[in-house]
Amino acid sequence: MGKKPNILYIALDDMGFAQLGCYGSSIHTPNIDRLAAEGLRYNNFHTTAICSATRASLLTGMNHHTAGICGIVEYMTGHDNGIGHLHKDCATLAEILKEYDYGTYALGKWHLTDVSETTEAGPFDNWPLGKGFDRYYGFLHAQMDQFHPRLVRDNTHVEPPKTPEEGYHFSEDITDNAIRYIFHQHTVYPEKPFFVYLAYGAMHTPHHAPKEYIDKYKGKFDEGWDIIRQKWYDRQKELGIIPPEAVLTERNELVKPWDSLSEKQKKTSVRYMEAYAGMLEHTDAQIGRVIVFLEDMLELDNSVVVFLSDNGASAEGGSEGTLNNFSQLSNGEKDPEAEAEYVLSRLDDIGSPKAFNHYPMGWAHAGNTPFPWYKMFTYSGGVKDALIIRYPKLISDPGSIRGQYHHVSDLTPTMLDIIGEKKPEYIKGNHQRPFQGISLKYTLEDGNAPDRKHIQYYEMLGNRAIYKDGWKAIVNHSRNGSDGDYDKDVWELYHVEEDYSESRNVAKQYPEKLKELEETWLVEAAKAGVFTMIPGAAYSTPEAKRKQREFIIRKERFDTYENILEPVDLIRAIDSDLSRRSHIIRAEITRKDTSQQGVIFSHGNYHGGFSFYILNNRLKYVYSSGLGEYYQVVSAKELPLGSFAAEYRLKVNKDGSAHAELFLNDEKTGEVNIPFVNGQVDYITTIGANKNTPVIPQDYESPFAFEGKLEKVSVFVDGHIASWDEELEAFFKVD
């Protein structure tokens, strides 16, 4: 028996159905288009509507609730459908393929580990190496600065190999490492097949790319999203990627007509889209490097290459787009003209290390052409995505389009079917559930084969849908006015076999069919473990609070030491959203010289957050909105030599405003009011330095490591510490 085929999964993030050149867009994606020309494009392939859930389903062959990921990994419900990681009885494809002597490598975005387990203290069971991969290089979280990523190699946090000024970009870095991993295995063990999971951070915000890629698209989108959407739809018809009878759905109710925008708004909106397009072409170039490398070592035709997006295009940039997806204006509101004026003053920052940009939802709507709605919704705009498979040994009609209905849970069963193996009954001593997905290998061999998948449920943040034999029922729980009451939800019905783009709600014409599908959804959801559903489950559920509380109590005190070479990297584990919670940071400090300065505690980076530090022999606290607004307080007194206690207290009010106070040896020495604090779970938290990029570049450059000795740093967070003295308890009571 010959060598089994290699398997390469290439996953993009937040890319809509229409955004590839071979799916109708005007964005230049020649390498992905090559995969399509030499393989197959699918136009009836579906995901879960959000990243972690799709990745759970992709890697396990299970429905995402069954696998333990009800939405993003942070959504912990306290039930089996939201445990913050994958269930052990739902093994990943890597774990399965290890049983068949595959080398297994993961690169890029992971986002399948509970955030409280992402420090170097572990546990590592739910990191990639704990889930069957031999090597890993990438980031563990949801989104990442592509120029300054927080990297993990295997089970260790590491620094990027070079700076943005030296030409660093995350997509290039993980591509380099993917090639390196494949090269080493192929050189030493040429007879051994490999599985590579290459999950780019693109096309998730921030839309970061080298400037030359962004500038290539100057003027390409000046016509605006309404005209571009129509052009992409027309191109889809020409390519045959959508059926001839497919209708272009109406402009989404949340999208402004392009002609209603001011000239300033148009200029900023266009630049946001240019950055997105530049990032996609840049990512395509990296994919091309991998494909050419496989071709050069004569392994491309012996590799099953699977390319997909994890959900539809994202509307999270709002109606105007944002220069900093971490933040918003300090009053929590956005005046469109004021926002456009500010962005115009920083237009060249879009797509650069100085921005964390996301395009307006009008471009996401164009990206999902011809479908309605977006990521997180269970309409086709959220769940119908590009899928390309290249494997010439089974495909006799390369360049063709497949229309059979399938779901992301079907891909891993397909890989086992192609290599002629079955999922073992036990893996690592854990009895395994059978796949819930089915093999779509038959579609590779026969484009005219009838569908073999007849039913698939969907649920995301209360938004629900059910597909059954050409019909689809949908609930827009987020937008239908039910105020979170499931009993008030109104179902819609679409005959998708005839109405490809879900353009005509026929619920009134076919009430019995709608009732049948509603009942089918209940049955399928119960089988998959959807219940109990908690919309917006993330941080408000009892399980999430319990996990946070246990971690914070356990890590109330952090001991640091003199002359630390690397600052203590706490990532997000101190608190899921420290900047929005009342908290106290207290440090016991010893300095031998009054010139010794540096950061005591930092939660943030260039894109926002706060920093507590010593500068010019005074304590200083700065809060940054990430949009050029800084709220600062400096101690009234200079600091003493020797040992002293430095402290700040941040009290966050119910309206989102906050008040920060500085203390020196328990004596208040300064205060500042902050009109509005932004919540952000992706800031990096460090003791003894400000890693990544500086919170306040006017004052220091990163890492600005503390030059004295931090004897002890204590972190107190509202609601997470078991006992208080009266003063602290009173402090945490919000008026």
(request) For atom NZ of Lys422, decide whether the heavy atoms of other residues, nucleotides or ligands shown that lie under 6.0 angstrom number more than 12. (result) no
(message) Using the rule given for salt bridge (charged side-chain N to carboxylate O under 4.0 Å, His left out), can you reason through Asp173 versus Lys162, listing the C-alpha separation, both sets of side-chain angles and the distance that settles it, and then say yes or no?
(response) CA-CA 10 Å; Asp173 190 11; Lys162 55 186 178 181; over 6 Å; no
(message) Would Arg464 pass as a cation-pi partner of Trp521, given that its NZ or CZ must be under 6.0 Å from the six-membered ring centre and within 45 degrees of the axis?
(response) yes
(request) State whether Phe307 and Arg390 meet the cation-pi test: NZ (Lys) or CZ (Arg) under 6.0 Å from the six-membered ring centroid, and within 45° of the perpendicular axis. (result) no
(message) Has Thr54 got a side-chain atom pairing as donor or acceptor with Cys51's backbone, closer than 3.5 angstrom?
(response) no
(request) State whether the side chain of His141 and the backbone N or O of Gln143 hold a donor-acceptor pair below 3.5 Å, judged by distance alone. (result) no
(message) Is there a salt bridge (charged side-chain N to carboxylate O under 4.0 Å, His left out) between Asp397 and Arg402? Walk through the geometry before answering.
(response) CA-CA 11 Å; Asp397 55 343; Arg402 295 293 192 258; 2.9 Å; yes
(message) Pairing donors with acceptors under 3.5 angstrom, does anything connect the side chains of Ser409 and His407?
(response) yes
(message) Can you see whether Glu459 engages His65 through a side-chain donor-acceptor pair at a distance of less than 3.5 angstrom?
(response) yes
(message) Using a strict threshold of under 4.0 Å (side-chain N to carboxylate O), is an ion pair present between Lys4 and Glu421?
(response) yes
(request) Answer yes if the side chains of Gln456 and Asn63 hold a donor-acceptor pair under 3.5 Å, and no otherwise. (result) yes
(message) Pairing donors with acceptors under 3.5 angstrom, does anything connect the side chains of Thr92 and Thr60?
(response) no
(message) For His454 and Asp469, which I'm curious about, is there any donor-acceptor pair between the side chains at under 3.5 Å?
(response) yes
(request) Examine the side chains of Glu172 and His282 and answer whether a donor and an acceptor come within less than 3.5 Å of each other. (result) yes
(message) Is the ring pair Phe147/His208 parallel, tilted or perpendicular, if the boundaries are 30 and 60 degrees?
(response) tilted
(message) Quick check for you: to the nearest 0.5 Å, what is the distance between Thr369 atom OG1 and Phe17 atom CZ?
(response) 10.0 Å
(request) Report yes or no: does Glu281 contribute a side-chain atom to a donor-acceptor pair with the main-chain N or O of Gly278 at less than 3.5 Å? (result) no
(request) Answer yes when Glu38 and Arg34 have at least one side-chain N-carboxylate O distance shorter than 4.0 Å, and no when they do not. (result) yes
(request) For the pair Asp284 (side chain) and Asn31 (backbone), establish whether a donor and an acceptor sit closer than 3.5 Å, ignoring hydrogens and angles. (result) yes
(message) Strictly distance-based, threshold 3.5 Å: is any side-chain N or O of Thr66 a donor or acceptor partner for the main-chain N or O of Ala528?
(response) yes
(message) Would you compute the distance between atom CD1 of Ile50 and atom CD1 of Ile69 and round it to the nearest 0.5 angstrom?
(response) 11.5 Å
(message) Any side-chain to backbone donor/acceptor pair from Gln404 onto Ala449? Under 3.5 Å, distance only.
(response) yes
(message) Would you say Asp134 and Tyr105 are linked by a side-chain donor-acceptor pair, where the criterion is simply a distance under 3.5 Å?
(response) no
(message) Just so I know, are the side chains of Tyr197 and Phe133 near enough to count as touching, which here means a heavy-atom distance under 4.5 Å?
(response) yes
(message) I'd like to know if the side chain of Ser501 reaches the main chain of Phe371, judged simply by a donor and an acceptor atom lying under 3.5 Å from each other, with no hydrogens or angles considered.
(response) no
(message) For a quick check under 3.5 Å, do Thr77 and Asn81 share a side-chain donor-acceptor pair by atom type?
(response) yes
(message) Between Asp145 and Arg150, does any NZ, NE, NH1 or NH2 come within less than 4.0 Å of an OD or OE carboxylate oxygen?
(response) no
(request) May I ask you to decide whether Lys527 forms a salt bridge with Glu524, counting only side-chain N to carboxylate O separations under 4.0 Å? (result) yes
(request) Say whether Lys384 and Asn44, considering side chains only, have a donor N or O and an acceptor N or O under 3.5 Å apart. (result) yes
(request) Using distance alone, with no hydrogens and no angle criterion, decide if Asp14 and Asn311 have a side-chain donor and acceptor under 3.5 Å apart. (result) yes
(request) Evaluate salt bridge (charged side-chain N to carboxylate O under 4.0 Å, His left out) for Asp310 paired with Arg55, printing each intermediate quantity in order. (result) CA-CA 7 Å; Asp310 64 0; Arg55 291 156 200 271; 2.8 Å; yes
(request) Ignoring hydrogens and angles, tell me if any N or O in the side chain of Ser52 forms a donor-acceptor pair with the backbone of Val73 under 3.5 Å. (result) yes
(request) Would you confirm whether Glu425, through its side chain, and His431, through its main-chain N or O, come within 3.5 Å as a donor-acceptor pair? (result) no
(request) Find out whether the Lys NZ or Arg CZ of Arg153 is both under 6.0 angstrom from the six-membered ring centre of Tyr137 and within 45° of the ring's axis. (result) yes
(message) Salt bridge or not between Glu497 and Lys472? Use side-chain N to carboxylate O under 4.0 Å.
(response) no
(request) Compute whether any side-chain donor of one residue and acceptor of the other, for Thr443 and Tyr42, lie under 3.5 angstrom apart. (result) yes
(request) Please name the residue in the list Tyr379, Tyr405, Tyr457 that meets the ring-ring contact (aromatic ring centres under 6.0 Å, His included) test with Tyr467. (result) Tyr405
(message) Is the distance between the ring centroids of Tyr189 and His184 under 6.0 Å?
(response) no
(request) In plain terms, say whether Lys375 and Asp385 are close enough for a salt bridge, that is, a side-chain N and a carboxylate O under 4.0 Å apart. (result) no
(message) Between Asp33 (side chain only) and Cys22 (backbone N and O only), is there a donor and an acceptor less than 3.5 Å apart?
(response) yes
(request) Using distance alone, with no hydrogens and no angle criterion, decide if Asn430 and Asp89 have a side-chain donor and acceptor under 3.5 Å apart. (result) no
(message) So that I can tick it off, tell me whether Asp13 and Lys109 are bridged by a salt bridge, with the cut-off set at under 4.0 angstrom between side-chain N and carboxylate O.
(response) yes
